[in-house]
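Per chain, numbering begins at 1; letters A, B, ... match sequence-line order.
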Amino acid sequence: MSYKYTPAEIEPKWQAAWEEQGLYKVQEEADKPKWYAVTMLPYPSGDLHTGHWYAFTPSDAAARFRRMNGYNVLFPMGFDAFGLPAENAAIKNGVHPRPWTYANIERMRRQLRAMGAMWAWEHEAVSCDPEYYKWSQWFFRKFYDAGIAYREYSPVDWCPNCNTTLAREQVWGEDRHCERCGTPVIKKNLEQWKFRITAYADELIDALETIDWPERVKVMQTNWIGRSTGAEVVFKTEQGEPLLIFTTRPDTLWGATFMVLAPEHPLVDSITTREFRSHVEDYKSEAARMDEIARSAKDKEKTGVFTGGYATNPVNGEQIPVWIADYVMMGYGTGAIMAVPAHDERDFAFATKYGLEIRRVITGPDGATGALEAAYDSKSEGVLVNSGPFDGTAVAGAAAAVTEWLEANDLGRGAVNYRLRDWLISRQRMWGAPIPIIYCPDCGVVPVPYADLPVLLPDDAEFRPTGESPLKYHAGFRYVACPECGGPAERETDTLDTFMCSSWYQYAYISPYWKAGQPLAADDMPWDKSSGQYWLPVDQYTGGIEHATMHLLYTRFFTKALRDLGLVEFDEPMLRLFNQGMILGPDGEKMSKSRGNVINPDEFVAKYGADTVRGYLMFIGPWDMGGPWDMNAIEGVYRFLHRVWAVVVDDPQMENPTLDPDVQPDPQAVRSLERKLHQTIIKVGDDIAGFHFNTAIAGLMELNNALVKAKESTVVNSTVWNQALRSIILMLAPIFPHIAEELWHRQGNTSSVHLQRWPEADAEKARVDEVTVVVQVNGKVRDKLVVAPGAPQPELEAAALAAVQKWLDGKQVRRVIVVPDKLVNVVIG
RNA sequence: GGGUCGGUGGCGGAAUGGCAGACGCAGCGGACUUAAAAUCCGCCGAGGCAACUCAUGUGGGUUCGAAUCCCACCCGACCUACCA
């Protein structure tokens with residue numbers, strides 16, 4: 001047995017032992033509180049990078065800490081294994097994505113094991129496994145039956161590089177590029193499958209207050225859903241057709257001076273007069289072309305053309321001109337607006353540019369007709385003028401009053417608009433779960449019967465980067481008999497968005513590959529019901545912020561849909577969420593091959609061991625802040641572990657302090673160590689529970705520094721010394737699982753350190769015996785008093801006044817502030 | 001344009017109304033060594049011989065007291081954007 005700290009020996013040894021003992025196997029135990037902890041699962045790209053370590057090892061420490069505090073913890077791992085990289089690798093190398101993916105998974109499993117995490121591998125789920133995706137298809141089928149899944153012909157976002165449609169959430173930035181490859185997306189008109197996530201828009205916003213998620217994510221989701229409340233109002237064209245507009249300010253209806261339609265608006269052609277037709281046509285084709293590049297260049301000046309047509313404002317019968325302009329979007333609201341230049345900056349800019357009428361409607365706070373600036377400023381003050389029956393109505397509350405009036409007079413109705421679009425889930429790619437739908441020339445759209453699931457991906461599809469799924473060229477896959485009439489029919493060849501597969505993986509983990517090999521039915525459950533009742537929902541979820549408006553929104557929607565289908569009884573899938581920050585390269589920039597700043601964790605594990613890499617990543621700074629990797633600072637954690645080792649393990653080869661075991665330890669020194677020990681137990685526990693790993697490690701370092709000193713003193717002959725050794729090993733266990741296990745066994749223990757309880761802190765023993773009270777004069781520190789805690793105020797005041805005599809400089813003492821155990825501030829002047 | 005988070009020694013950071021800089025890195029000095037590495041001990045915000053003074057992006061404010069709370073501004077990161 002080596003007396004030196006050799007992580008290369010002890011880490012693989014314990015990893016193997018833990019696996020052999022089944023240390024991390026989980027059972028449902030009714031007598032323990034459960035804790036279901038999930039970390040966002042990785043995509044099997046082939047190599048575990050530093051970002052994975054940064055995401056996974058602190059969440060492992062948190063899960064281990066829960067377990068040591070008496071919780072029955074389920075902490076599973078899996079792979080989000082469908083997706084484009086596998087398919088691109090397939091096209092490049094001429095192999096099927098399946099072997100590429102499974103080889104990567106196997107490699108990553110080995111790398112994950114090197115982290116020494118407590119994952120419950122028997123709960124692993126891999127989304128490209130047919131026994132997994134048969135349930136993804138089952139969910140689609142359930143959603144189809146429930147009317148949540150529907151098919152629609154509409155303009156969709158298309159990435160010409162990935163050759164597939166994208167969900168709105170996967171289109172990023174002002175240049176509208178593809179989330180995955182950065183290529184600007186274009187619009188295509190296609191018939192695609194969608195999920196009715198918009199039906200849950202209100203609940204997705206309102207339920208945010210019931211979950212303990214970072215404010216940042218809640219704000220992002222709220223903005224993404226973009227609820228705005230207002231009214232739809234029916235104007236009338238000269239041809240007598242209703243022209244519906246949406247406004248959030250129905251109280252400004254009397255200030256409307258013109259209307260603007262999106263160039264694609266269906267009424268544009270009938271409104272446009274002969275005289276203006278060629279103008280309008282030119283503008284429309286220009287706008288259509290712009291759409292494909294980027295209609296929203298920064299600071300782009302608003303443009304538009306007059307149609308020659310007019311519409312009637314229903315509230316006052318005024319005829320106002322109708323324009324078209326590309327600042328009005330067909331995809332939002334009704335694609336038509338009334339323009340109120342006096343109260344809307346964009347309308348104002350447009351009216352100014354084209355010489356359209358600007359009218360003032362709302363007064364300033366004083367009741368006099370105000371200037372335009374005042375109108376902008378007084379959005380919620382003042383009263384309405386020039387507003388027919390509403391003259392004199394306070395602006396606050398006017399919108400609601402006008403809406404009521406519109407409804408009473410049948411001119412419009414209250415309406416809510418959302419920015420959120422329905423979730424487009426069709427992908428024209430092969431490496432995904434096939435959408436279980438068959439098109440029959442006689443029966444129409446026929447869903448694949450539950451009992452026929454899964455619709456398997458063929459193993460021999462040919463990969464051609466054509467812009468259509470390779471499944472389309474696979475005759476054996478594509479041509480099938482209609483399940484209803486038996487006649488010739490065709491399968492849907494699009495696959496499911498991989499975000500659908502990852503929307504329910506926290507349920508799959510409960511009992512992976514449930515009912516494997518068995519035919520499914522509509523009334524099945526995709527997981528073991530009683531296990532689900534025990535574990536669900538997720539207590540703690542951790543992962544990156546990048547999924548705030550994608551995965552994190554989809555999985556919430558999914559859970560609400562499952563609830564409405566009767567599959568779960570709760571409303572939210574993850575009760576707590578913590579977003580870790582991003583680990584950066586040593587240069588402070590995002591790690592990337594092109595920058596050449598990529599840190600390979602395997603190298604550092606080989607050099608220092610997994611415990612050091614784990615601890616270092618947690619020591620860098622607050623976990624939610626991320627930060628740059630420091631090539632030198634990792635040494636500090638490595639040294640710390642060596643110092644702990646040296647405190648616990650006596651190397652007979654080395655000269656050890658020889659203290660006479662009969663010498664009585666100095667009681668003050670013993671008390672001092674005892675105090676430090678109990679303070680540390682409290683601090684480290686609080687810090688880990690709050691994900692403040694950096695300060696938890698600092699606390700462990702401080703305790704260890706105290707132990708290093710104590711080891712050279714008579715304190716080693718005390719029972720406190722032995723308690724301290726035992727406790728520090730236990731406290732190391734969540735963050736440094738291997739060295740803790742090794743030291744635990746060297747202390748003579750036979751069961752695993754990871755089965756022990758977190759050491760108990762005694763507040764009485766943590767209490768300080770004396771406190772330093774700062775004496776200030778006018779807020780400046782002039783002296784310090786060392787007193788017993790709880791010293792009475794008059795005593796402190798007297799002592800302080802005596803101490804600061806020479807600072808008083810003959811001036812009058814005006815006031816003395818005494819904060820017990822903290823300070824005395826003498827105010828003079 | 002809007003939103004969120006942040007700005008503290010040479011560096012990562014600690015302190016969220018009460019001794020600014022815990023813990024660690026780097027640096028400096030010393031011990032050990034033939035020497036180096038490793039390890040151990042000490043110093044380590046700036047100015048000053050010192051008593052002290054100055055110091056948490058900038059400017060104001062609140063307070064006995066502000067890195068911390070409030071207002072305005074500057075800088076950085078991320079998100080979002082003709083949303084009617």
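A donor-acceptor contact shorter than 3.5 Å links the side chain of N597(A) to the backbone of S592(A). Remark: the backbone N or O of I739(A) is paired with a side-chain donor or acceptor of D611(A) at under 3.5 angstrom. A donor-acceptor pair under 3.5 Å is formed between the side chain of R595(A) and the backbone N or O of K590(A).
Aromatic ring pairs are classed by plane angle as parallel below 30°, tilted from 30° to 60° and perpendicular above 60°; the pair W645(A) and Y5(A) is tilted. Between Y554(A) and F499(A), the ring planes are tilted. Angles from 30° to 60° get that label.
W224(A) carries R419(A) over the face of its six-membered ring, with the cationic atom under 6.0 Å from the centre and within 45° of the normal.
C78(B) and G59(B) have their P atoms separated by 28 Å, with the value rounded to a whole Å. Spacing of C1' atoms, A38(B) relative to C74(B), comes out at 48 Å, to the nearest Å. Spacing of P atoms, A20(B) relative to A67(B), comes out at 9 Å, to the nearest Å. C49(B) and U58(B): their P atoms are spaced 27 Å apart (whole Å). As rounded to the nearest Å, G2(B) and G48(B) have P atoms that lie 46 Å from one another. Using atom C1' as the reference point in both A26(B) and G13(B), the two lie 14 Å apart (nearest Å). Of the P atoms belonging to G18(B) and C69(B), the separation is 11 Å, rounded to the nearest Å. Here, G21(B) and G45(B) have their C1' atoms 8 Å apart, quoted to the whole Å.
Distances shown here put a side-chain N or O of R643(A) below 4.0 Å from the OP1 or OP2 atom of C40(B). Residue R639(A) places at least one side-chain N or O under 4.0 Å from the OP1 or OP2 atom of A26(B). Close to G24(B), at under 4.0 Å from its OP1 or OP2, lies a side-chain N or O of N705(A). Dashed line: the shortest gap from a side-chain N or O of R346(A) to OP1 or OP2 of C83(B) is under 4.0 Å. Distances shown here put every side-chain N or O of N825(A) at or beyond 4.0 Å from the OP1 or OP2 atom of G18(B). Phosphate proximity of A81(B) to R419(A): present, with a side-chain N or O under 4.0 Å from OP1 or OP2.
Across the protein-nucleic acid pair, K676(A) atom NZ and A22(B) atom C1' stand 9 Å apart, rounded to whole Å. For the pair M631(A) CE and G24(B) P, the computed distance is 22 Å after rounding to whole Å. Rounded to whole angstrom, the span from the CG atom of N579(A) across to the C1' atom of C78(B) amounts to 12 Å. Residue M220(A) contributes atom CE, which lies 8 Å from atom C1' of C78(B) at whole-angstrom precision. One atom, CD1 of I828(A), and another, P of C64(B), lie 16 Å apart when rounded to the nearest Å. Computed from coordinates, the D687(A) CG to G13(B) C1' distance equals 14 Å when rounded to whole Å. The nearest whole Å value for the distance from the CG atom in D630(A) to the C1' atom in G10(B) is 12 Å. Rounded to whole Å, the distance from CD1 on I697(A) to P on A22(B) is 17 Å.
Contact of the T680(A) side chain with the E702(A) side chain is not registered, since no non-hydrogen atoms from C-beta on lie closer than 4.5 Å.
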Under-3.5 Å N/O pairs linking protein and nucleotides 50-54 of chain B:
from: U53(B); atom 1: OP1; to: R782(A); atom 2: NH1; distance (Å): 3.4
from: U53(B); atom 1: OP1; to: R782(A); atom 2: NH2; distance (Å): 3.1
from: U53(B); atom 1: OP2; to: R782(A); atom 2: NH1; distance (Å): 3.4

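The residues R675(A) and D769(A) are annotated as salt-bridged, a charged nitrogen and a carboxylate oxygen being separated by less than 4.0 angstrom.
For R643(A) and N705(A), the side-chain atoms include at least one donor-acceptor pair closer than 3.5 Å.
Comparing C5(B), C19(B), U80(B) against the side chain of M625(A) picks out C5(B) as the nearest. The M329(A) side chain lies nearest to A84(B) when the options are G12(B), A14(B), A84(B). Closest to the K822(A) side chain, of the nucleotides G18(B), C19(B), U4(B), is G18(B). Nearest to the side chain of V774(A), among C19(B), A22(B), G3(B), sits C19(B). For A633(A), counting side-chain heavy atoms from C-beta on, the closest listed nucleotide (C23(B), C25(B), G18(B)) is C25(B).
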Step by step, work out the side-chain contact (heavy atoms from CB on, under 4.5 Å) result for D202(A) and Y418(A). CA-CA 9 Å; D202(A) 281 319; Y418(A) 302 92; 2.7 Å; yes
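Anti is the glycosidic conformation of G7(B), whose angle departs from 0 by more than 90°.
Position along RNA chain B of the nearest nucleotide to S228(A) versus T695(A) favours T695(A) as the more 5'-ward residue. Residues G621(A) and T334(A) each lie close to RNA chain B; by heavy-atom proximity, the contact nearer the 5' end of the strand is made by G621(A).
The residue E635(A) sits apart from the nucleic acid: no heavy atom pair falls under 4.0 Å. Residue-level contact check: V819(A) touches the bases, meaning some heavy atom is under 4.0 Å from a base atom. When heavy atoms are screened at a 4.0 angstrom cut-off, I817(A) is found touching base atoms of the nucleic acid. Among the atoms of the strands shown, only primed sugar atoms or phosphate atoms (P, OP1, OP2) are found under 4.0 Å from some heavy atom of P622(A).
For K607(A), the NZ atom sits in a loose shell: 12 or fewer heavy atoms of surrounding residues, nucleotides or ligands are nearer than 6.0 Å.
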Nucleotide-level pairing of RNA chain B, given in dot-bracket where Watson-Crick and G-U pairs need both distances under 3.5 Å and | marks other strands: (((((((..(((.....[....))).(((((.......))))).(((....)))..(((((..]....))))))))))))....
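The ring-ring contact (aromatic ring centres under 6.0 Å, His included) with Y616(A) is formed by just one residue from the set F604(A), W629(A), Y608(A), Y54(A); it is W629(A).
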